[in-house]
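Inspection log for the structure reproduced underneath, given as structure tokens.
Letters go in sequence order (proteins before strands), and every chain restarts at 1.
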Amino acid sequence: MADKLFKPRGTQDFLPPMSDTLELIKAKIADTFRSLGYHLIETPIFEHTELFLRLGEATDIVQKEMYTFKDRKGRSLTLRPEITAPVVRALLEANLHKTSDLKRFYYIGPIFRYEKPQKGRYRQAHQFGIEVLGSSSPFIDFEVISVAMKVYESFGLKDLKVSLNSIGCKVCRPRYREALLEYLSGKVHELCDDCKVRYKRNPLRVLDCKVDRDKLRDAPKPIDYLCDDCRAHFNHLKGLLDKAGVPYEVDHHLVRGLDYYNRTVFEIRANLAGKYLELAGGGRYDYLAQEIGADEEVPGCGFAGGLERLYMILEEAGALPERSVPLVVVLPLSERARENFVAIFRELRPKKVISVAWDLNLRKGLRYANRLGADEVIFFGDRELEKGIAVIRDMKTGDQREIQFRDLKAYLESG
RNA sequence: GUGGGUGUAGCUCAGGUGGUAGAGCAGCGGACUGUGGAUCCGCGAGUCGGGGGUUCAAGUCCCCUCACCCACCCCA
């Protein structure tokens, strides 16, 4: 025990039954994405550090949360702290942006951030999300927000809060930034220490500060400084959301933690034990591709949600998905019965879940099946084999019926 | 990163002012040697997270360390 090894801080082992449930959750998420025309994309767990540095020097994620290391050749690599940049990088690397004008991707996988762990906040967490590349239409923003909502709604979650904002583009954001700086300059001394730094490096993020939030009620709002195009885009999007019945509220202080966003930014939160927990966030990133080295503008829009947080909220809501296929426990009760079942097992291609208890007697086997939550138990010993049958016991009702042993395989393989 | 809390059998936890560990649940066995979930009976040695110190003696005091949790921060 003294030299027993433990998992690194902030990581988790997913064991049954939680791992089973997570599998169901991931499958359901993927179903939603796939059914709306999204394709799976998988990128490396680590990338050249350079890629993530382009996310913005002023962001906390880049500044102090990256798992960066050198490989044996001295190259600086970083465990991905988010997945949007890798997806865009992969798209550019494969020149996909030139072969089609619109690409829809989805992903589910781990991300790494060196943070002080807490519940719902891990050093290795899992995110799922989508990225739509190649269109700057507000209909895409609408689609992304809708798809995000669809994922959560597919689990029956209702009490969701969507916050929306527009932070402009490279034309109008400088104007807003100037106005904000002017407003803040008079009160820098009142701000918290973090904000004093943000004021210099990335003033927009001051808006997001929870400490100083109250002091900033009368701060200039991004939407009041939007250029005509951005204003039109934002209004169009809001109109679409209204038309489609997507509930949202405009949050003038919503900025998001990554610098690559422009125009639309949004967050989805849910009520967990009285507090609003952020489940997902996203927005438009029309300049990111060029930041990464594209020779032309490749507009994009997407969202990312936290898998662990989805699990938490589902657990709280009592809405965790459950196995939908029947579970059948097979009990060969004698040596002869076991040997008779070997060939069947070898050939078996079941649609149900079949769990064979090779070494339990009837009593223990039923108990085992009971604990697993089995729907049926099929048992056969010498007695049954004499008659060429097996017995199917319904674990809910306790009713038993017989089945010809030669039909057993077909029965186990039936839906 | 800052401040605070917790860490005892598989799980949830009890263990005033230090004297070498308990309960409930679960599990296992039996009553029921081929029939589960009920009931009854029996079964618990776990280096009290790890290391060091104080002491005749520490789960109980001190220091260090690790992990989890809460708030802040941040965000998924």
Side-chain angles (χ1 to χ4, degrees), chain A residues 1-13 15 55 58-65 80-84 107-129 148 151-152 192-195 197-198 205 208-213 254-258 267-270 272-273 275-282 303-313 329 331-334 337 357 360-385 391-400:
Chain A
M1 192 85 155
D3 50 358
K4 191 170 175 180
L5 295 175
F6 299 92
K7 62 182 177 294
R9 183 168 203 205
T11 63
Q12 302 181 91
D13 297 316
L15 307 171
L55 298 183
T59 68
D60 280 11
I61 290 174
V62 173
Q63 215 172 41
K64 44 191 184 190
E65 294 181 5
R80 65 183 186 195
E82 60 100 58
I83 305 185
T84 299
Y107 56 78
I108 303 180
I111 59 154
F112 306 84
R113 293 182 191 176
Y114 193 94
E115 289 192 278
K116 189 162 177 176
Q118 232 167 284
K119 197 180 182 75
R121 179 217 247 183
Y122 304 97
R123 290 185 173 182
Q124 176 174 178
H126 296 76
Q127 287 191 344
F128 55 88
V151 168
Y152 294 102
C192 69
D193 292 346
D194 286 337
C195 283
V197 178
R198 293 190 189 113
R205 301 234 63 218
D208 223 9
C209 179
K210 277 75 183 176
V211 180
D212 294 325
R213 195 148 192 152
L254 179 61
V255 174
R256 301 289 305 153
L258 294 158
E267 287 180 358
I268 297 177
R269 279 169 290 160
L272 184 87
K275 291 189 310 184
Y276 273 94
L277 178 76
E278 189 181 328
L279 292 178
F303 88 93
L307 187 64
E308 288 83 355
R309 290 188 180 182
L310 173 56
Y311 184 95
M312 281 169 64
I313 204 82
V329 168
L331 290 176
L333 295 173
S334 66
L360 299 181
N361 60 33
L362 226 206
R363 189 179 160 63
K364 288 182 181 174
L366 286 170
R367 196 186 249 228
Y368 167 74
N370 193 237
R371 250 181 295 135
L372 287 188
D375 299 283
E376 288 178 344
V377 168
I378 298 181
F379 63 84
F380 45 92
D382 292 346
R383 247 179 252 178
E384 286 72 22
L385 291 181
V391 177
I392 301 177
R393 180 182 178 86
D394 183 310
M395 290 300 282
K396 272 231 162 49
T397 64
D399 295 341
Q400 296 188 173

Any pair counted as salt bridge (charged side-chain N to carboxylate O under 4.0 Å, His left out), so long as it reaches residues 114-127 of chain A, sequence neighbours left out: E115(A)-R121(A)
Over all heavy atoms of both residues, which pair between A270(A) and I313(A) is shortest? Give the atoms and the distance, please. CB-CD1, 3.6 Å
More than 12 heavy atoms of other residues, nucleotides or ligands under 6.0 Å from OH of Y368(A): is that the case? yes
Just to be sure I understand the geometry, which residues of residues 370-380 of chain A put a non-hydrogen atom under 4.0 Å away from RNA chain B? N370(A), R371(A), F379(A)
Report yes if some heavy atom in the side chain of R393(A) is under 4.5 Å from a heavy atom in the side chain of L366(A); otherwise report no. yes
Minimum heavy-atom separation for A357(A) and L331(A), please, with both atom names. CB-CD2, 3.5 Å
Applying a 4.0 Å non-hydrogen cut-off, can you work out what A125(A) is touching in the nucleic acid: base, sugar-phosphate, or nothing? base
Contact between E65(A) and D60(A) at the side-chain level, heavy atoms closer than 4.5 Å - yes or no? yes
Side-chain touch Q124(A)/Q12(A), heavy atoms, less than 4.5 angstrom: no
Interatomic distance at P, U65(B) relative to G4(B), whole Å: 14 Å
Quick check for you: among G34(B), C75(B), G29(B), whose closest atom lies nearest to any side-chain atom of R309(A)? C75(B)
Please report the closest heavy-atom contact between Q127(A) and A304(A), naming both atoms and the distance. OE1-CB, 3.7 Å
Any Lys/Arg nitrogen of E267(A) or R256(A) sitting under 4.0 Å from an Asp/Glu carboxylate oxygen of the other? yes
Is any side-chain N or O of E115(A) under 3.5 Å from a base N or O of A76(B), one able to act as donor and the other as acceptor? yes
Sugar-phosphate atoms are those with a prime plus P, OP1 and OP2; base atoms are the rest. Using that split, label each nucleotide of nucleotides 64-69 of chain B B, S or - for protein heavy atoms under 4.0 Å, 5' to 3'. ---SSS
Nearest whole angstrom, please: distance from the C1' of C75(B) to the CD1 of I268(A). 15 Å
With P as the reference atom in both, quote the distance from U47(B) to G10(B) in angstrom, rounded to an integer. 8 Å
Note, RNA chain B 5' to 3' with Watson-Crick or G-U pairs under 3.5 Å encoded as ( ), [ ], | and . gives (((((((..((((........)))).(((((.......))))).....(((((.......))))))))))))....
Under the side-chain contact (heavy atoms from CB on, under 4.5 Å) test, which residues partner K396(A), sequence neighbours left out? D394(A)
G34(B) base / E384(A) side chain donor-acceptor hit below 3.5 Å: yes
Using 30° and 60° as the class limits, which term best fits the ring planes of F128(A) and Y152(A): parallel, tilted or perpendicular? tilted
Pick the P atom in C48(B) and in G59(B), then give their distance to the nearest Å. 7 Å
Proximal nucleotide (of G34(B), G36(B), C70(B)) relative to the M395(A) side chain: G36(B)
Rounded P spacing from G46(B) to A23(B) in Å: 15 Å
side-chain N/O R367(A) vs G34(B) OP1/OP2, d < 4.0 Å: no
Taking distance alone, no hydrogens or angles, what donor-acceptor pairs closer than 3.5 Å link side-chain atoms of residues 374-384 of chain A to residues at least two apart or in another chain?
unit_1: D375(A); atom_1: OD2; unit_2: L327(A); atom_2: N; d: 2.7
unit_1: E376(A); atom_1: OE1; unit_2: Y411(A); atom_2: OH; d: 2.7
unit_1: E376(A); atom_1: OE2; unit_2: Y411(A); atom_2: OH; d: 2.9
unit_1: D382(A); atom_1: OD1; unit_2: S334(A); atom_2: OG; d: 2.7
unit_1: E384(A); atom_1: OE1; unit_2: G381(A); atom_2: N; d: 2.8

Using atom NZ of K396(A) as one end and atom P of G37(B) as the other, report the distance to the nearest whole Å. 16 Å
Tell me whether the side-chain N or O atoms of R363(A) pair up with the base of U35(B) as donor and acceptor below 3.5 Å, since no angle test is needed here. no
Taking atom P of G34(B) as reference, at what distance in whole Å does atom CG of L385(A) sit? 16 Å
